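The structure presented is a predicted model; accordingly, all values stated were derived computationally and were not measured. To find a chain, count down the sequence lines: A is the first, B the second, and so on, and within it residues start at 1.
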Protein chains: 2
Amino acid sequence: MALQRPQTKEKKIPDQTGIRQVAKRAGVGIGSVSRVFSGAAGVSDQMRARVLRAAEIVGYSPNMLAQALRRQKTQSVGFVVSDIANPLVSSIIHGAEAVLSAAGYSLLLTNSGGEPAVDARRIRLLQQRRVDGLILLPAVEDDPAMLAALGASGIPLVVIDRSLPDSIEARYVYSDHYTGVGQAARHLLELGHRSLGVIVGLDVRPSRERIRAVTDAYRERKMKPKFLVDAGPLSAEHGAATMKRWLSAPNPPTAVILGGNQLLVGALETIRSRNLRLGRDLSLVVCDDVPLGRLFDPPISTVMRDTDLMGQTAARFLLDAISQPEQAASIAVLPTWYVPRVSCGAPVTR
Amino acid sequence: MALQRPQTKEKKIPDQTGIRQVAKRAGVGIGSVSRVFSGAAGVSDQMRARVLRAAEIVGYSPNMLAQALRRQKTQSVGFVVSDIANPLVSSIIHGAEAVLSAAGYSLLLTNSGGEPAVDARRIRLLQQRRVDGLILLPAVEDDPAMLAALGASGIPLVVIDRSLPDSIEARYVYSDHYTGVGQAARHLLELGHRSLGVIVGLDVRPSRERIRAVTDAYRERKMKPKFLVDAGPLSAEHGAATMKRWLSAPNPPTAVILGGNQLLVGALETIRSRNLRLGRDLSLVVCDDVPLGRLFDPPISTVMRDTDLMGQTAARFLLDAISQPEQAASIAVLPTWYVPRVSCGAPVTR
DNA sequence: TTGAAAGCGCTACCAC
DNA sequence: GTGGTAGCGCTTTCAA
């Protein structure tokens, strides 16, 4: 009736070294071994030495799976993002991972590809894996399946750049898109532009904030906020298509704000193919830095932010939430700032 | 003597829904519930329905931790990289994650920051988490601690763009850096360049292959392979510093191959500050695509590769290794190709 | 301080 | 087909 070991195919597998092997080897109780390895108080030096030596010999190290099952704590957190390959996102992940692993947590990373349904599935999967907390950068803010999954579990939650309904208990890490884009819009209006174009993503917080920022910039100058808005995927293709559409229209915008760095490549392609000179024939601002942006000819005006810091902040929030679930949920708003460059100039007067 | 529940702070926590609650609710045996949820054969439709309904009511979903402990299989793999934030790396991760999650595996991602010692520690941590396999993109190829950790466990292993000693049983996913860089070097030599400069990273496979490729390109033309080599961090700062050094030397190279895309920003800065015109005063090739590379003025010659595919391939190799540990270890060599652009031109004759 | 024993939630064997 | 049961490797009481 012994448990049948899963087909140990006479491969090397170092003979499943468990706590009881160590206990037997050291001639002590199984509990003592546990105490030594979990650093519990009340273990004699002598015991510690014996156990450690025995463990050394048999090559033991604790099975975190069993620990997690018993302790009801996995020391792991799940991170669901919509696009790992986006440098912005990977920088956020980088920041979060650094903080988490320093705190002894492992990161379960999963990609939803921007599909709300996948977001929801991944969240449930991570819950089944009993992660201690969750960081989310979901595609949309109101997917019912996602909200249901989140609501059903009391797992600590940090959401990045998205705003979920109040019914979901979560902490938030926002970028202050309003300020950065506002600065950009004001700059463009001061230069004399009157018809701006703004490309944003789906109806998520950053998109709303950016539109609000441009609107308010117009209003500040007592101008009617009349500008073009395009909402779509923040991809190069979409950037190219939208620019093409706008530039072919009867009254094309004289300045465009791109709400995502992936749009830039596409937009520049269209601009190039039309032989327009940036900063003269058309002004351009991109949100989020692109490696060659400032070396480009002409250098591209950019709304910057510290994405690594966003990840760090999210991780810290999550660690707080895990250790003090009682504490009021909190919100961090991290700065963005506008760096004007030559891609923005006065519009051609005709 | 009941297990003391970890301080259920009268928060919501949905009352730890376990398999036996479902069994009781459905009035069936605990084993039947297990069978239903693990999709085992030999369960009557009636039983399945009863169990599923009961599970629905109490809101049950299997605890993967317990499953993993019992099955000796976590359905998770570890991925250790040196820099998540590098777009190249995150693209590899993207590819791997897609394949793994489609196969029902979760990804434990961890960053070593390029520190060999951290690589080794992370590997050990993942082993304690009992991952079913490991994908590695380590900083160096010969760190003793890393090799020891790897050797001590029989965990299936896939290594990307690094070549470990034969003593480690692993599968490999390589990029064919030799071909791409070879094409670039030949192009430059054909253009008339005689003194190339090559910037590579540490002594790892890609660096060696790139140097070998340039060497062979010289030899093909019966020329003595006399070119500058710089080995260092593949960072923008290092790119700038090396270019500065080379361009200040008595006989500066007339063409430079950058062995990593992060070098490009730095190199271009130096070039710009010296008022050199790419393709005329200096020719430049970068390994690995940079978003604005082809739109740059002038467009930058690039050695391309499909990093997403590398990740996919690594994941597939790992899944193979997990399901058939016996099978001979294998190697994949994925193509790289050179895309000549205006940044390469004939050297100025003087 | 230490050992024994119960049990975390599950799977897989056994007998019916 | 189905239920009972042992045990995955560990932590944490309780008694000594």
(request) Could you please name the option among C:dC10, C:dG3, D:dT12 that lies closest to any side-chain atom of A:Met47? (result) C:dG3
(message) Please determine whether a side-chain nitrogen or oxygen atom of A:Ser32 lies at a distance below 4.0 Å from atom OP1 or OP2 of C:dT2.
(response) no
(message) Assess, by modelled atom type and distance only, whether the side chains of B:Gln67 and B:Asn63 contain a donor and an acceptor separated by less than 3.5 Å.
(response) no
(request) Round to a whole Å and report the spacing from CG of A:Asn63 to P of D:dG7. (result) 18 Å
(request) To the nearest Å, give me how far apart CG (A:Leu65) and P (D:dT11) are. (result) 12 Å
(message) We want to know whether A:Arg129 and B:Ser106 form a side-chain donor-acceptor pair, criterion being a heavy-atom distance below 3.5 angstrom.
(response) yes
(request) Test A:Leu134 against every option in A:Leu318, A:Leu150, A:Val158 by the side-chain contact (heavy atoms from CB on, under 4.5 Å) rule and name the one that passes. (result) A:Leu150
(request) Check whether any side-chain nitrogen or oxygen of A:Ser44 sits under 4.0 Å from OP1 or OP2 of C:dT2, and answer yes or no. (result) yes
(request) Classify the nucleic acid contact of A:Tyr60 as base, sugar-phosphate or nothing, counting any heavy atom under 4.0 Å across all strands shown. (result) sugar-phosphate
(request) Would you kindly say whether B:Arg122 and B:Thr110 are connected by a side-chain donor-acceptor distance under 3.5 Å? (result) yes
(request) Could you check how far CD of B:Gln128 sits from P of D:dG9, rounded to whole Å? (result) 15 Å
(message) Output the rounded distance in Å from CZ (B:Arg71) to C1' (C:dT11).
(response) 7 Å
(message) Distance check needed: D:dA6 P versus B:Ile30 CD1, whole Å only.
(response) 13 Å
(request) Taking only the side-chain nitrogens and oxygens of B:Gln67, find out if one of them lies under 4.0 Å from OP1 or OP2 of C:dG9. (result) no
(request) Report the distance from atom CZ of B:Arg20 to atom P of C:dT11, rounded to the nearest whole Å. (result) 13 Å
(message) In whole Å, I'd like the distance from the CZ atom of A:Arg129 to the P atom of C:dG9.
(response) 18 Å
(message) Are A:Phe37 and A:Tyr60, when compared by the centres of their aromatic rings, separated by less than 6.0 Å?
(response) yes
(request) Report the distance from atom CD1 of A:Ile19 to atom C1' of C:dA4, rounded to the nearest whole Å. (result) 13 Å
(message) Could you check whether the side chain of A:Arg35 and the base of C:dG3 have a donor-acceptor pair of N or O atoms closer than 3.5 Å, going by distance alone?
(response) yes
(message) Quick check on C:dG9: is either OP1 or OP2 less than 4.0 Å from any side-chain nitrogen or oxygen of A:Gln72?
(response) yes
